[in-house]
Asks: 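First the structure, then my questions, so here it is.
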Amino acid sequence: MIAQKPALRLEGIVKTFPGVRALDGVSFEVMPGEVHALLGENGAGKSTLMKVLGGIYQPDDGTIFIDEAPVTMGSPLDAKAKGVVFIHQELSLADELSVAENIYLGELPTKSFGRVDWDSLHSNSAAILKRLNCKFTPQTIVGDLSIANKQMVEIARALTVDAKAVIFDEPTASLTDAEKVVLFDIISDLSRQGVGIVYISHRMDEIFTISTKISVLRDGEYRGSLATAETNEDEVTQLMIGRSLDLGQKVEHAQTGKVAIEVRNLSCGSLYHDVSFKVRSGEVVGFYGLVGAGRTEIAETLFGLRNPTDGTIHLDGEEVRIHSPVDAIRHGISLVPEDRKGQGLVLGMNCRDNMTLPQVADLTAGPFVSDGAEIAIFDQYRDKLAIKTPSWRQRVGNLSGGNQQKIVIGKWLSMAPKVLIVDEPTRGIDVGSKSEIHNLIRDLAKQGYAVIVISSEMPEVLRVSDRVVAMFHGEIIREFTSEEVTEDNLVQAISGIRSDKVA
Amino acid sequence: MHTERKNKLFKQSAIWGFIVIELVFFSIAGHFLSVSDKAFMDGANMLLLFKQSAPIGIIALGMTIVMINGNIDLSVGATYALCAIVMLDSMTWPIFAGLGDWVIPVAWLLALGTGMVLGLINGLIVWKTGVDAFIVTLGSMLGFRGLVFMYNGEQPTSHLNWTLVDIAEADLFGIETPTIVFVVFTILIWLLMSKTVHGRNAYAIGDNREAAVNAGIRVGPHMVWNFVLIGFLAALSAVVFYSASGSVNPNDGTLYELWVITAVVLGGTKLTGGSGSVISTFGGVIAIQLLRKGLGHIGADTAMVNLVIGLILIAVLFLDKQLNRKGREELKI
């Protein structure tokens, strides 16, 4: 067999920013047909590397080769023309336009006088969609598609050029498990067609499912490559964070107290129906299910963001009515929302102001907010949660994901809640901080909080929960104790298979 | 590490740097071009400048807080005119005939109250209907101006009360009433926005409304309060100006909303909400007035002044964008 040329090769890439050496001589190559996972903690240099590759930054040193020919990437458009295309985590589609128009956005085929050549636009688009096995037509309006299908359009867009390398940056963040399978099929199809794939993700399970090779970056340096078939999660993690980490290990479960929150026959239109459960203080209850199973909607109801259509909520045995977050907070219910940046934090504000946001009205001295009282609260929870920030004046937007999440958690702990609901506690958080957040959640339960954790990551649910509630299509299918639950029976439950039918 | 702080300070001082450049430029240019032989940075001239900036400036304070909160108010010019009419006309109402000069504070209160009610109307509509503040206040701008014309047709509304004029033109160590009101309210509003719960929450709502709701902040009442405040400040501006002039035309205050927004934006407050400062707005107001006076000083006419202000507004915001992008690694979109 003839030795293959790499589709894409980076050699000795150096990029420095004032005070930071973001990339320190990174070399990295992708063979045609290879699915190459790129791993690294936040700040390891992954995104800088991708920006260099995409022509957004120019490297200070080093060379990019495509089919072994040195190239310079002048701009994102230039990179695409040279066959390096990106599928970003955030979709950047025009919702009001058709699929075909989106695929060829910025490069619509034209006839004379700048008229759009609709015929070739639609036939070219149809060909690409066919290659991706998409069921919708080029004429469909993008706004009417599901998120997974929108992502297909994004991928289709990448295929308008003769792609040498396609870079997927956290592509599964907003996909359901079923949709992920489709995406993985497409990735394997592309690789079979000889395209080099770079796959960036925080999710180990995905990386081991899809990739053939794994490369790791740490502190802006290339730390080595491993063949996926010959390695395991521990080895990769160790390479990433420079120490070993026992992610799989189950934590010790605490003693539970009396029932802190009880939900009876709660329903909310078509979102979920007839949901009943109890959470005791000192207990972590994990809610597991597919996206759209109604878990987040239940959390939103408990926090007063949605009104239930039926059913009751009881706190410490007494029925309460919660019409707004103000009510929820007064009753001691807190929500760490799914979308940290969009729903949890005021990114332009500093760390301290974010942490004291819900209680600032109680921290006044005369007509003014008391600086001292606020700093005292911030200091207390910074120490307690080991939040790493140079000062309380730091803008929250500049912190890492893990520290941002701790600010949100600290915000609620400082309100002394009884019930803490954490929706997707580690979404977009790197592996090192992930276990820290998990330990923190266990710790909170030990201190007597009743904790509800909603997560789409099975290892996470299994690790932190005392009990697991499996949901499917707005219904609770089954409740497991931590002894009963296994990956298999949990997967069955969230696919809608009830325990009685299994037995 | 206080880079955040430095950054903020630098951003705020940008407008002051601009003012210094204006002063230097007009002093030097004035030396060669001025039609009069008086120096530009003459004390009396500077005091006059502050006094002249007061009407726009006082409204701009209100616009700053509404914009920080993530809204906008286009009805301020009409509110200003309507409150002026209420103040001047109410002094002639028969029911107040027995009050003598005590009619003055009554007229003031009526005018200020009118402003607050108009603001309350805007605020409640924005809160309860959820319609964008731009649209709501565009409507109320037309509506309030309609009320102005319904009052006296095309005729000016006049009432001259010499005691009122004396108060309006009184001075403390040479600083006249409008300047004092402008400075005092700048400080008061600064305290409100930077030191109180209301201010803190207003910033949070403007920056990320959803996160504010999730933190248990009642978004609606804060927005309404800010609209009431801008209504009050528009009325206050009318009170300060028309106490001295004694006559209001139904077209007075037209385009004020745009001058006010220009000053606020020049001061660095974002149209998208969540950031800004009344101190910088104060700078923005002074910068515009300085530009007008300065250009007048070197012999430019009004048309020229408007052209230059327009160009400078765009240039300053472009510069601001460039400076801010350098610090961060923003995408080139």
Side-chain angles (χ1 to χ4, degrees), chain A residues 17-18 22 47-48 51 55-57 75-76 92 300 303-305 324-330 334-337 339-350 353-354 356-371 374 389-391 393-395 397-398 408 411-412 415, chain B residues 1-9 11 67-70 187-222 225 268-270 272-277 324-333:
Chain A
F17 295 110
S47 43
T48 312
K51 282 179 183 166
I56 294 168
Y57 295 152
S75 68
S92 51
E300 285 167 350
F303 194 60
L305 291 166
S324 68
V326 182
D327 291 343
I329 293 165
R330 203 182 52 235
S334 298
L335 173 67
V336 177
D339 176 6
R340 191 166 51 244
K341 290 180 182 171
Q343 305 169 317
L345 293 166
V346 181
L347 291 179
M349 275 190 165
N350 63 41
D353 292 1
N354 263 289
T356 55
L357 200 58
Q359 55 174 327
V360 68
D362 302 323
L363 299 176
T364 50
F368 300 135
V369 178
S370 158
D371 258 4
E374 281 195 283
T389 165
S391 124
R393 292 192 182 88
Q394 184 73 20
R395 272 184 19 167
N398 297 344
V408 181
K411 170 168 87 177
W412 292 122
M415 301 289 290
Chain B
M1 196 171 118
H2 293 317
T3 47
E4 287 300 313
R5 231 185 181 187
K6 250 190 236 160
N7 227 332
K8 221 173 179 178
L9 214 68
K11 253 180 147 181
M67 275 170 52
I68 285 171
N69 203 192
I187 295 166
L188 286 178
I189 301 289
W190 175 73
L191 285 172
L192 176 78
M193 293 309 281
S194 62
K195 301 283 175 195
T196 72
V197 175
H198 173 71
R200 176 76 60 83
N201 288 350
Y203 275 99
I205 293 165
D207 191 321
N208 187 345
R209 186 165 167 169
E210 209 174 340
V213 170
N214 282 334
I217 294 171
R218 290 184 170 91
V219 170
H222 283 294
W225 264 116
T269 297
K270 277 193 199 158
T272 46
S275 89
S277 140
N324 281 327
R325 186 199 278 173
K326 246 187 186 171
R328 284 186 242 145
E329 297 145 12
E330 248 173 69
L331 277 174
K332 295 182 282 186
I333 294 175

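Values below: all heavy atoms of this structure, side chains included; hydrogens, waters and symmetry mates excluded. First the proteins, then the strands, lettered A, B, ... as listed; each starts at 1. What you see is a predicted model, and the numbers here were worked out from it, not measured in a lab.
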Asks: Which of the residues Gln359(A), Arg330(A), Lys341(A), Glu374(A) is involved in the greatest number of heavy-atom pairs with chain B at under 4.5 angstrom?
Replies: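 Going by pairs under 4.5 Å, I would pick Glu374(A).
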Asks: Kindly indicate, with the supporting measurements, whether the criterion side chain to side chain contact (heavy atoms under 4.5 Å, CB included) is fulfilled by Val360(A) and Ile217(B).
Replies: CA-CA 10 Å; Val360(A) 68; Ile217(B) 294 171; over 6 Å; no
Asks: Side chain, backbone, both or neither: which part of Ser324(A) has a heavy atom under 4.5 Å from chain B?
Replies: neither
Asks: Counting heavy-atom pairs closer than 4.5 Å to chain B, which one of Met415(A), Lys411(A), Gln343(A) comes out on top?
Replies: Gln343(A)
Asks: Shorter than 4.5 Å, heavy atoms on both sides: which option in Gly199(B), Ala204(B), Gly206(B), Ala212(B) has the most such pairs with chain A?
Replies: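 Looking at each of Gly199(B), Ala204(B), Gly206(B), Ala212(B) in turn, Ala204(B) comes out on top.
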Asks: List the steps and the verdict of side chain to side chain contact (heavy atoms under 4.5 Å, CB included) for Asn201(B) and Leu357(A).
Replies: CA-CA 8 Å; Asn201(B) 288 350; Leu357(A) 200 58; 4.3 Å; yes
Asks: Given the options Gly366(A), Pro358(A), Gly348(A), which has more heavy-atom pairs under 4.5 Å with chain B than any of the others?
Replies: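 Option with the top pair count is Pro358(A).
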Asks: One pair to check against side chain to side chain contact (heavy atoms under 4.5 Å, CB included): Arg200(B) and Thr356(A). What are the steps and the verdict?
Replies: CA-CA 10 Å; Arg200(B) 176 76 60 83; Thr356(A) 55; 3.8 Å; yes
Asks: Restricting to ring-ring contact (aromatic ring centres under 6.0 Å, His included), what partner residues turn up for Phe303(A), sequence neighbours left out?
Replies: Trp412(A)
Asks: Indicate the atoms forming the closest heavy-atom contact of Ala211(B) with Gly344(A), along with that distance.
Replies: CB-C, 3.9 Å
Asks: Answer with side chain, backbone, both or neither: which region of Leu345(A) has an atom nearer than 4.5 Å to a non-hydrogen atom of chain B?
Replies: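 Answer is backbone: N, CA, C or O of Leu345(A) sit under 4.5 Å from chain B.
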Asks: Distance from Asn214(B) atom CG to Glu300(A) atom CD, nearest 0.5 Å?
Replies: 8.5 Å
Asks: How close do Ala361(A) and Val197(B) get, heavy atom to heavy atom, and via which atoms?
Replies: CA-CG2, 3.6 Å
Asks: Is there a donor-acceptor pair under 3.5 Å between the side chain of Asn208(B) and the backbone N or O of Gly342(A)?
Replies: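 Side chain of Asn208(B) to backbone of Gly342(A): a pair is present.
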